[in-house]
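Right, one structure below, let's go through it.
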Number of protein chains: 2
Amino acid sequence: MTIQQSAQPDILNANCPSRTVLRHITDRWTPMIVTVLTPRRQVRFKELRERVQGISPKVLTETLRSMERDGLVTRVVTASVPPRVDYELTDLGMSITRPIAALRRWAEGHVTEIEEHRQAYDNALH
Amino acid sequence: MTIQQSAQPDILNANCPSRTVLRHITDRWTPMIVTVLTPRRQVRFKELRERVQGISPKVLTETLRSMERDGLVTRVVTASVPPRVDYELTDLGMSITRPIAALRRWAEGHVTEIEEHRQAYDNALH
DNA sequence: CAGTATCCATAGTGATACTG
DNA sequence: CAGTATCACTATGGATACTG
């Protein structure tokens, strides 16, 4: 007797592994890293760190490792002094760029509207 | 002298309010709640609680309040015994359904592929 | 039924200094 | 340059019981 897994993954199902997948692609920094990597070129650790403003080296490393583990990015090491490491989206990683870009554009495009809603809500003293 | 805000919101900018917007629409439960509300009908608290499997009443309330504050949902109270409260997406809320559906479909559609990547990565003993 | 209240656990950062 | 190591914190989420 094995644990029955639903044939079609369903995000609403508490035990569905798609929840973990969603969690990963929507974590704090992944969408921003994907945004920087979207032109599909190799980007150095340093450049990622600079462009994803506010991320610490520790968290950048952790997030990139998780993305590499999930198969979203490849890590390319060039043995040199000083060392050089580039990251690049895989085909799988590229396939998420459009949904993430849509999300990013929505966030960037509705800032004002949402801030107005918050103001109105807070002024109504709920 | 005022704090200069960029004309175009930019998610990569540490101080850009779009980061908060993105954070809200990608938090743990918002995508699932949006998924249930996507057919744009009024849905009772109870039904949300049942369909978004695993969410506690406290967190469901908190998430719905945050969504209401941002203008994504409306809360409709029907004074009756027992009480009845329905939630429904606003126009703004509806405008996020497509990006979120794309994300959800991606997550559900790539579960197997990603799990295989993780296996391979872990087996390589990084 | 639709929440609140309470208490609690911990994942998820974050700052900073250090190293191969 | 590209990380790791440490330490610490706090927001988020979870369990459960209670209430208008």
Side-chain angles (χ1 to χ4, degrees), chain A residues 11-15 19-33 36-37 42-70 73-88 118 121 125-126, chain B residues 11-15 19-33 36-37 42-70 73-88 125-126:
Chain A
I11 203 72
L12 297 178
N13 184 334
N15 299 120
R19 286 206 172 173
T20 305
V21 174
L22 182 64
R23 217 74 268 287
H24 283 198
I25 60 178
T26 60
D27 83 353
R28 183 163 189 73
W29 300 103
T30 300
M32 301 184 211
I33 293 172
V36 172
L37 295 176
Q42 294 193 346
V43 180
R44 299 186 70 163
F45 186 88
K46 183 188 178 180
E47 183 180 345
L48 280 168
R49 202 180 154 181
E50 288 166 352
R51 296 197 51 200
V52 181
Q53 291 177 25
I55 196 169
S56 73
K58 189 195 103 181
V59 172
L60 178 54
T61 299
E62 286 171 356
T63 308
L64 286 168
R65 287 283 188 285
S66 172
M67 292 173 72
E68 191 192 1
R69 181 168 181 260
D70 285 352
V73 300
T74 52
R75 181 170 178 273
V76 182
V77 180
T78 306
S80 62
V81 183
R84 174 191 182 108
V85 180
D86 292 272
Y87 293 88
E88 187 179 7
R118 284 188 204 142
Y121 185 93
L125 292 179
H126 284 263
Chain B
I11 203 73
L12 297 179
N13 184 333
N15 299 120
R19 286 205 171 172
T20 305
V21 174
L22 183 64
R23 217 74 269 285
H24 283 197
I25 60 178
T26 60
D27 83 353
R28 185 161 188 73
W29 300 103
T30 299
M32 301 185 211
I33 293 172
V36 173
L37 294 177
Q42 293 194 346
V43 180
R44 297 186 71 163
F45 187 87
K46 183 188 179 179
E47 185 180 344
L48 281 167
R49 201 179 155 182
E50 288 166 354
R51 296 197 52 199
V52 181
Q53 290 178 25
I55 196 169
S56 73
K58 189 196 100 179
V59 173
L60 178 54
T61 299
E62 286 171 356
T63 308
L64 286 168
R65 286 284 187 285
S66 170
M67 292 173 72
E68 191 192 1
R69 180 168 181 260
D70 285 353
V73 300
T74 52
R75 182 170 177 273
V76 182
V77 180
T78 305
S80 61
V81 183
R84 174 192 183 108
V85 179
D86 292 272
Y87 293 88
E88 187 178 8
L125 292 178
H126 283 263

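Numbers restart at 1 for each chain; the letters A, B, ... are given by sequence-line order, proteins then strands.
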| request: Mind calculating the distance between CZ (B/R23) and P (D/dA11) to the nearest angstrom? | output: 14 Å
| field | Residue-phosphate contact under 4.0 Å: B/R44 side-chain N/O, C/dA2 OP1/OP2 | value | yes
| field | Proximal nucleotide (of C/dT13, D/dA2, D/dA15) relative to the A/R84 side chain | value | D/dA2
| Within less than 4.0 Å of OP1 or OP2 of C/dT4, is there a side-chain N or O belonging to B/R65? | yes
| query | Between B/R75 and C/dA2, is there a side-chain N or O to OP1/OP2 distance below 4.0 Å? | reply | no
| task | Using a cut-off of strictly less than 4.0 Å, decide whether B/K46 has a side-chain nitrogen or oxygen near OP1 or OP2 of C/dC1. | result | yes
| Looking only at N and O atoms, is any donor in the side chain of B/K58 or the base of C/dG3 less than 3.5 Å from an acceptor on the other one? | no
| task | State which of D/dG14, C/dA2, D/dG3 makes the closest approach to the side chain of B/V59. | result | D/dG14
| message | Using the side-chain heavy atoms of A/Y87, tell me which of these nucleotides is nearest: C/dT13, D/dC1, D/dG3. | response | D/dG3
| field | Gap between atoms CZ and P, on B/R49 and C/dA2 respectively (whole Å) | value | 10 Å
| remark: dist A/L37:CG -> A/M67:CE (nearest 0.5 Å) comes out at 6.0 Å
| field | Terminal helix-axis angle for the helix from C/dC1-D/dG20 to C/dG20-D/dC1, with five pairs defining each axis and rounding to 10 degrees | value | 60°
